[in-house]
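Data block below; observations after.
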Amino acid sequence: MAPRMIRGAQAVAEAAALCRPQVISAYPITPQTVIVEELAQMIANGKLEAEFVNVESEHSAASVVLGASATGVRVYTASSSQGLLLMSEVLYNIAGMRLPVVLTCANRSVSAPLNIWNDQQDSISLRDSGCLQFYAENNQEAVDLLLLAYRVAEDHGVMLPALVCVDGFLLPHAYEAVDVPEPKEVDAFLPPYQPLYRLDPDEPLTFGAYAEPDKYMEARYMMQRAQEKAISVIQEAGHSFEKVFGRPISALMERYRMDDASTALVAMGSVIGTIKDVVDELRSQGQRVGALKIVTYRPFPKELIYHALKEMENIIVLDKAVSLGSGGPLATEIRAAFQGSPQPPRVSGVIAGLGGRDITMDTIKRIISQAQKEVLEAEFVDLREDMELEGVD
Amino acid sequence: MDTSHLFASGHSACPGCGQAIAARLVLRATGKDVIIANPTGCLEIFSSNYTASSWEVPWIHSLFENAAPVASGIESALKATGRLDKITVIAQGGDGAMADIGLGALSGTWERGHDILTICYDNEAYMNTGIQRSGLTPYDASTTTSPAGEVSLGNPRLKKDLPQIAVAHGLPYVATASVGYPQDLDKKVKKAVSIRGPKYIQIHVPCPLGWRHDSALSIDIARLAVQTGLFPIIEIEAGQLTSARKIGKKRGVEEYLRPQGRFRHLFESPAGQQELKKIQEIADRNIERYGLIRAG
């Protein structure tokens with residue numbers, strides 16, 4: 001289908017509808033709500049056949065899709081920020097129960113201070129939950145990664161929930177040209193969900209039994225193996241995607257002008273668009289700068305990342321989240337990927353764009369020149385100079 | 001068809017556990033075409049130690065506070081796939097899960113009108129974690145977090161009226177029952193299953209460990225709770241009281257309280273003696289409110 005100029009929320013909702021979920025449950029929170037409002041309207045207009053369950057909290061939204069998924073149907077939900085944190089107990093549980101629930105996270109900062117704007121602290125805090133995590137650069141990827149997420153999550157070798165992360169406001173509220181595929185293409189790429197097990201009186205099974213110390217670790221080990229296996233499943237799904245839809249997808253990561261680069265910027269999500277513009281500008285001035293976009297954050301494709309970055313002199317990792325008391329979560333893992341290598345690149349980590357602060361091209365250029373002089377540990381960039389920061393020095 | 005083993009033996013409940021007996025009675029009444037969502041708690045732990053399970057019906061445990069929304073999801077999936085007519089969805093758990101930590105989620109489930117039977121096995125405290133006070137712990141009961149002591153007479157609050165909370169949600173069927181009256185319980189579960197929409201049954205289930213009584217007395221104690229008026233067993237349909245089990249010969253509350261260690265302190269001090277009068281007043285109010293004694 002030809003690309004249409006549509007709002008991100010509509011594109012994501014149309015993509016979700018194309019995946020034919022039978023149960024959708026959600027609770028309002030900015031900036032996610034625009035997505036599920038679109039889905040509710042589709043159901044109200046008879047364009048989508050699904051049960052839409054209006055719950056009293058995100059904890060219950062996640063619980064509803066858990067129950068429905070265990071009954072053997074495909075499900076969808078979406079959330080942001082505090083909503084995602086309220087879901088987190090359930091998402092850990094969904095992962096442990098190996099249910100392929102898929103949700104869109106419209107990334108937003110977490111409170112306090114209360115702030116509704118974008119960063120990625122919410123989904124990053126679910127890093128260890130067992131959920132697969134994909135980060136979209138633009139609304140086309142928000143659509144494409146959603147289709148891919150279902151396919152990977154429901155793979156019988158994976159069977160884990162997946163978060164498709166889209167930067168709040170910057171994507172769901174933005175109008176972009178998006179190619180939303182035809183239903184028959186999506187059906188070819190994503191066949192109906194085939195559960196391995198389901199709640200069914202004709203074949204009664206016990207779900208969610210408790211495990212004593214002699215069995216618990218094995219369940220967690222199987223989740224780790226499923227995460228590792230997901231790397232190849234994602235690659236395979238990416239190839240299949242290109243065949244069915246006739247256009248490329250960056251499923252695990254994307255190298256941008258990395259050939260012969262000596263400095264690489266690494267980041268996730270919409271900021272990559274700005275970074276690419278900076279790379280183009282600096283390249284035109286003869287600087288050997290490239291960018292590496294991490295699309296799949298869980299499982300973390302560390303070998304591919306290592307090979308993509310091993311020739312660099314300078315790596316600059318931009319995190320839109322912070323592990324308070326440590327540093328940038330992505331930077332920490334990129335550094336770890338080079339642990340023990342003979343001549344590790346210099347890895348700088350910067351924290352930027354928290355709570356919706358703009359990350360401009362000038363910001364990125366400044367970071368690059370600074371990181372070429374010295375290694376930055378966990379530098380908060382673009383801090384105000386006119387505010388007294390209590391407790392600092 | 002013999003369905004007496006849908007909740008199979010071999011589980012690890014304590015001797016005399018009222019909840020285990022009641023859970024078995026519930027499944028006997030519903031038959032096999034059910035799906036159960038069960039929160040964390042004694043019932044879950046003693047019935048589902050991987051790789052064993054006592055459940056001969058599809059059964060899911062997720063978390064402590066979400067059995068009702070998990071059941072909502074199951075019901076919605078059955079509706080979406082046209083299977084709801086043949087299957088009864090049950091959300092069942094203890095008083096901690098249903099009346100306290102899961103009450104907001106339960107309220108949402110009731111308000112949305114899902115075709116789900118909710119069952120609260122009311123043993124009046126958090127027994128699985130070691131007998132802590134819940135919102136359904138009765139007045140003056142000594143628990144590990146509302147202990148009797150030099151300046152305490154146990155739990156200072158009245159039992160939360162969860163059946164009336166259910167009624168306020170406009171449920172078509174709300175009932176209380178007791179493991180001490182299995183035929184009454186059987187009848188109520190069958191009636192609930194026959195009604196479309198949200199239903200609620202609260203079943204009083206003694207816990208010998210937590211109530212500190214002889215495990216051979218569970219059924220007797222359950223019946224005394226009803227016969228004293230402290231746990232009236234009633235039905236409220238579409239907001240109207242439609243049945244209340246009458247008390248043949250009224251028993252004083254002391255008869256119910258005395259065999260239970262959780263009330264022993266009331267018999268050991270003058271202040272406790274005063275409290276016994278207050279508990280008698282609670283029973284008398286119930287008798288009056290629900291018309292538990294036949295007139296003339």
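Lettering of chains follows the sequences in order, A, B, ..., and the numbering in each one begins at 1. Just so we're clear, the structure is a prediction, and the values are computed from it rather than from any experiment.
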Is it the side chain or the backbone of [X] that comes within 4.5 Å of chain B heavy atoms, both, or neither?
X      : result
A:L199 : both
A:V90  : both
A:D214 : neither
A:E89  : both

Bottom line for B:A37: the part with an atom under 4.5 Å from chain A's heavy atoms is neither
More than 12 non-hydrogen atoms from neighbouring residues, nucleotides or ligands closer than 6.0 Å to [atom1] on [X], yes or no?
X      : atom1 : answer
B:Q183 : CD    : no
B:K160 : NZ    : yes
B:Y50  : OH    : no
B:L84  : CG    : yes
A:E218 : CD    : yes
A:E49  : CD    : no
A:Y92  : OH    : yes

Who wins among [options] for the most heavy-atom pairs under 4.5 Å with chain A?
options              : value
B:G104, B:S47, B:S72 : B:G104
B:I45, B:D33, B:V34  : B:I45
B:A77, B:G108, B:P69 : B:P69
B:A52, B:A80, B:S107 : B:A80

Within the 4.5 Å heavy-atom criterion, are [X] and [Y] side-chain neighbours or not?
X      : Y      : answer
A:V64  : B:E75  : no
B:I35  : A:P201 : yes
A:Y210 : B:E44  : yes

Taking all atoms of both residues into account, what is the closest heavy-atom pair of [X] and [Y], and its distance?
X      : Y      : value
B:W59  : A:G208 : CZ3-O, 4.5 Å
B:T109 : A:E56  : N-OE1, 4.5 Å
A:V55  : B:R112 : CA-NH1, 3.4 Å

* Asked: Would you say B:K79's side chain and A:E51's backbone share a donor-acceptor pair under 3.5 angstrom?
  -> no
Would you give the length of the straight line joining atom [atom1] of [X] to atom [atom2] of [Y], rounded to the nearest 0.5 angstrom?
X      : Y      : atom1 : atom2 : value
A:M97  : B:I60  : CE    : CD1   : 3.5 Å
B:I74  : A:R198 : CD1   : CZ    : 12.5 Å
B:E65  : A:S57  : CD    : OG    : 9.0 Å
A:K215 : B:N49  : NZ    : CG    : 5.5 Å
A:Q22  : B:L78  : CD    : CG    : 11.0 Å

Hey, which of B:S54, B:S53, B:S48 is the one that makes side-chain hydrogen bond (donor to acceptor under 3.5 Å, both in side chains) with A:T206?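 Passing option: B:S53.
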Counting heavy-atom pairs under 4.5 Å with chain B, the top scorer among A:N93, A:V73, A:V65 is A:N93
